[in-house]
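Here the structure comes first, spelled out in structure tokens, and everything after it is commentary.
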Amino acid sequence: MSISKSYRLTPQAPYRFDYFQKRVENSSNSYLYSIGENALSRAHIIGGHPVLVHITLDTPSTPNAPVIRLDVQGAHSDARADQAADIWRHMLSIDRPLLPFYQQAATDPVLKTITSDLSGMHLLLDSSPFESTILSIIGQQVNLTFAENLKRSLVELCASSIDVNGSTHYAFPSPEQIAALNYEQLRAMKFSQRKAEYVIDFARGVANGSIDLHSLQGMSNAEAIDYLIKLRGIGRWTAECVLLFGLGRPDLLPAADIGLRNAIQHFWGLDHQPTEQEVREFAVPWRGHESYFTYYLWTALGLARAAQKQQTVTPKAKRKNSKNMAERDKE
DNA sequence: TACCAGGATATGG
DNA sequence: CCATATCATGGT
């Protein structure tokens, strides 16, 4: 007893769907997605059951009149299909026009160039604060390749899946599914003891109601960060990741983030890596769109580094390095 | 072989 | 509040 339902989304231009695809391809969560021609798909658990969502850009030739079709398959009710659609509205930042951000960026020549080069790039967010927190905890301290192995292991260990046309789509596990694991299972997947405890204990807290992620919605950034960092395994960096990628806060400044500091040094030609305090002073004109400036600077630095590498690398070694070049994007 | 990787926590000054 | 040790594993 399941239904299919379609939605039509018309975000404001400019809107570059291909940037989402690139980001998915290069992210450490790419195993959760399938990528097609102007299309993405992914499974989600809704009301305890997996549903499949296809996202298609219906108007690839007219980025000034973007229309995105969303097809939900396997939902057990109309309302649950709507829930899946809402998740994707959030993930694709559909309701966040870029033009106000671009107007703000136009006052600085460096930012104006960067935003022009990446015009139409929206933020790709995580599907929920829970998913965002689990992925961020796993990403702490370890390199991106290893982090991806850990994330995939967790998903394959306990997630629900749907088989469509011979391919398996995993839905990111629910709090209950992760809560039911024991530390030894994750230790066997190369998690450290601590990381296994952080992940499972957090999921158990969410599952038993002692951690209320819904309450984050009504909090200010400072309140939400204060709430999150009281939880074991969540420090400031992780909390900021959750606000930016999980809650989709537009005005979050991860001032201590090494990637942001490197980007500021690079694009403004500073002779030293700016301190956290210097980043805050630097970002005063970004007020209201700090997340967007940060996201664009991360991306632009990744592209600049990739281009630099390509120049210095011999043609023979190019192919070997092409994967690393693609991996530089933040998340 | 060291050292690092998009950290977090506990402990001592 | 700041500095340091510890965690644990894979990549380079």
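All values reported here derive from a predicted model rather than from experimental measurement. These numbers come from the heavy atoms of this one structure, side chains and all, not from hydrogens, waters or symmetry mates.
Nucleotides dC1(C) and dG6(B) have their P atoms positioned 28 Å apart, rounded to a whole Å. Rounded to whole Å, the P atom of dC3(B) lies 15 Å from the corresponding atom of dT6(C). For the P atom pair drawn from dT11(B) and dA8(C), the interatomic distance equals 15 Å after rounding to whole Å.
One cannot find a donor-acceptor pair under 3.5 Å joining the base of dA8(B) and the side-chain atoms of Gln140(A).
Judged as a salt bridge (Lys or Arg N to Asp or Glu O under 4.0 Å), and not counting sequence neighbours, the contacts of Asp82(A) are Lys5(A).
Here the two rings, on Tyr19(A) and His122(A), have centers that are 6.0 Å apart or farther. Aromatic ring centroids of Phe101(A) and Phe293(A) lie under 6.0 Å apart.
Each of dA8(B), dG10(C), dG6(B) was ranked by its minimum atom distance to the side chain of Tyr198(A); first place goes to dA8(B). Picking from dA8(C), dA8(B), dT9(C) the nucleotide with the shortest atom distance to the side chain of Phe146(A) gives dT9(C).
Between Tyr33(A) and Trp88(A), the two ring planes are perpendicular [angle over 60°; tilted spans 30° to 60°].
Taking a cutoff of 4.0 Å between a charged side-chain nitrogen and a carboxylate oxygen, Arg16(A) and Asp18(A) qualify as a salt bridge.
Side-chain N/O atoms of Lys195(A) include none lying less than 4.0 angstrom from OP1 or OP2 on dA8(C). Considering only side-chain N and O atoms, Thr238(A) lies under 4.0 angstrom from the phosphate OP1 or OP2 of dA8(B). Close to dA8(C), at under 4.0 Å from its OP1 or OP2, lies no side-chain N or O of Arg187(A).
Projected onto DNA chain B by closest heavy-atom contact, Val142(A) and Ile234(A) fall at different nucleotides, the more 5' of which corresponds to Val142(A). Taking the nucleotide of DNA chain C with the nearest heavy atom to each of Asn149(A) and Gln141(A), the more 5' of the two is matched to Gln141(A).
Rounded to an integer number of Å, the gap from Asp257(A) CG to dG6(B) P is 10 Å. Here the P atom of nucleotide dA5(B) and the CD1 atom of Ile138(A) are 20 Å apart, to the nearest Å. In this structure, CG of Leu297(A) is placed 18 Å from P of dG6(B), rounded to the nearest angstrom.
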